[in-house]
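These notes are about the structure you will find just below.
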Number of protein chains: 2
Amino acid sequence: MDVTADPPARFDVFAASCPSRRLLDTIGDKWASLVIVALGLGGPMRYSELAARIEGVSQKMLTQTLRGLERDGLLTRTVTPSVPVRVDYELTPLGYSLKDTIRHLKEWAEAHLPEVDAARAAYDRAHAKP
Amino acid sequence: MDVTADPPARFDVFAASCPSRRLLDTIGDKWASLVIVALGLGGPMRYSELAARIEGVSQKMLTQTLRGLERDGLLTRTVTPSVPVRVDYELTPLGYSLKDTIRHLKEWAEAHLPEVDAARAAYDRAHAKP
DNA sequence: CTGTATCCCGTCTGATACTG
DNA sequence: CAGTATCAGACGGGATACAG
């Protein structure tokens, strides 16, 4: 291995190529974060349970999201070849660690979202068309 | 104040109408989070400084992002009517508190992104076309 | 310097229909 | 049950031109 070729070790979030952008891709994904929270709450869940629990997600988006999270090593997909088939999803330790991080977001939201709402209302009032 | 009328106090992240979705809209927004980090790092910054610091952001997106954050009460916009005009942006206390939350994300990223990369590589290898 | 206004294309998403 | 395939519409976001 060539030690002279390892610039990616440093993080520069402002660089377009910073890997941290990919984390935001996951966290920011509405469905991905909901899947993580759901699995973090109640342990393994079946496909259909997730579909029922997460309001508004389409079949396509759920599948797509699960594939992405599986690829990133955040959850495992277990197929039981019964009839009909049964597929369970479960967070990996990596997935659990991310869930804890998401919990910080949740706490911030619960603590400060009312302020954001107030700020929005004030802003909209000030900029409303007369 | 009418205590009988406060159902929104409970959070159900799985409900389509949950206010927490709006937090993800902000955090997940690539440019919004970068603006917050940038301002959290070096105090107030001018429009042009932000544009220079945040690699790859277009004029349109920067302005749009700043307006959104201002509306949410996360930063203030101060216009100095000189010639040419000067505009400074600064985090509010609310914005600073969110910055701390984003820092948790950053720490997770630095600690675990290599694992995600490894997982992706393994997944892609396993699913590659032969 | 700091925006606003338009055009426009690629991506994302949701329905719908079909399969192992 | 748990997906895959396909298509059309909505939307984000960049490039460009122009204004206060």
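Keep in mind that what you see is a predicted model, and the values were worked out from it rather than measured. Each chain gets a letter, A, B and so on, in the order the sequences are listed, and its residues count up from 1.
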Whole-Å distance between C/dT2 P and B/Glu70 CD? 15 Å
At their closest point, which heavy atom of A/Leu105 faces which heavy atom of B/Leu23, and how far apart are they? O-CD2, 3.3 Å
Distance check: side-chain N/O of B/Tyr89 vs OP1/OP2 of C/dG3, anything under 4.0 Å? yes
Quick check: closest heavy atoms across A/Tyr47 and A/Gln59, and the distance to 0.1 Å? OH-CG, 3.1 Å
When every non-hydrogen atom of B/Glu49 is compared with those of B/Met45, the smallest separation belongs to OE1-CA, 3.2 Å
Under 4.0 Å between a side-chain nitrogen and a carboxylate oxygen: does that hold for B/Asp72 and B/Arg22? no
Rounded to the nearest angstrom, tell me the gap between atom CG in B/Leu66 and atom P in C/dG3. 7 Å
Taking the side chain of B/Val85 as its heavy atoms from C-beta onward, which of C/dG3, D/dG3, C/dT2 lies nearest to it? C/dT2
Rounded to the nearest 0.5 Å, what separation is found between the CG atom of B/Leu91 and the CG atom of B/Leu39? 4.5 Å
Between D/dG14 (C1') and B/Ile54 (CD1): distance, integer Å: 16 Å
OP1 or OP2 of D/dA2 versus the side-chain N and O atoms of A/Arg86: is any pair under 4.0 Å? no
Nucleotide N/O of nucleotides 14-17 of chain C paired with protein N/O under 3.5 Å:
from   : atom 1 : to      : atom 2 : distance (Å)
C/dG14 : O6     : A/Lys60 : NZ     : 2.5

Per the end-axis method with five pairs at each terminus, what is the bend angle of the helix from C/dC1-D/dG20 to C/dG20-D/dC1, to 10°? 50°
May I ask you to verify if any side-chain N or O of A/Ser48 is less than 4.0 angstrom from the OP1 or OP2 atom of D/dA2? yes
Can you tell me if A/His127 uses its side chain to pair, donor with acceptor, with the backbone of A/Tyr123 under 3.5 Å? yes
In whole angstrom, give the distance that lies between atom CD of B/Glu49 and atom P of C/dG3. 13 Å
Is the shortest side-chain N/O distance from A/Arg77 to OP1 or OP2 of D/dA2 below 4.0 Å? no
Nearest whole angstrom, please: distance from the C1' of C/dT6 to the CD of B/Gln64. 14 Å
Judged by each residue's nearest nucleotide on DNA chain C, which is more toward the 5′ side, B/Pro84 or A/Asp29? B/Pro84
Residues passing the side chain to side chain donor-acceptor pair (under 3.5 Å) test with A/Asp25, sequence neighbours excluded, are none
Rounded to whole angstroms, how far apart are CG on B/Leu62 and P on D/dT16? 18 Å
Please answer whether the main-chain N or O of B/Trp108 pairs with a side-chain N or O of A/Thr101 as donor and acceptor at a distance below 3.5 Å. no
Are side-chain heavy atoms of A/Val87 and A/Arg77 found at a separation under 4.5 Å? yes
Rounding to an integer number of Å, can you tell me how far A/Asp88 CG sits from D/dG3 C1'? 15 Å
Could you check how far CD of B/Glu55 sits from P of D/dG13, rounded to whole Å? 17 Å
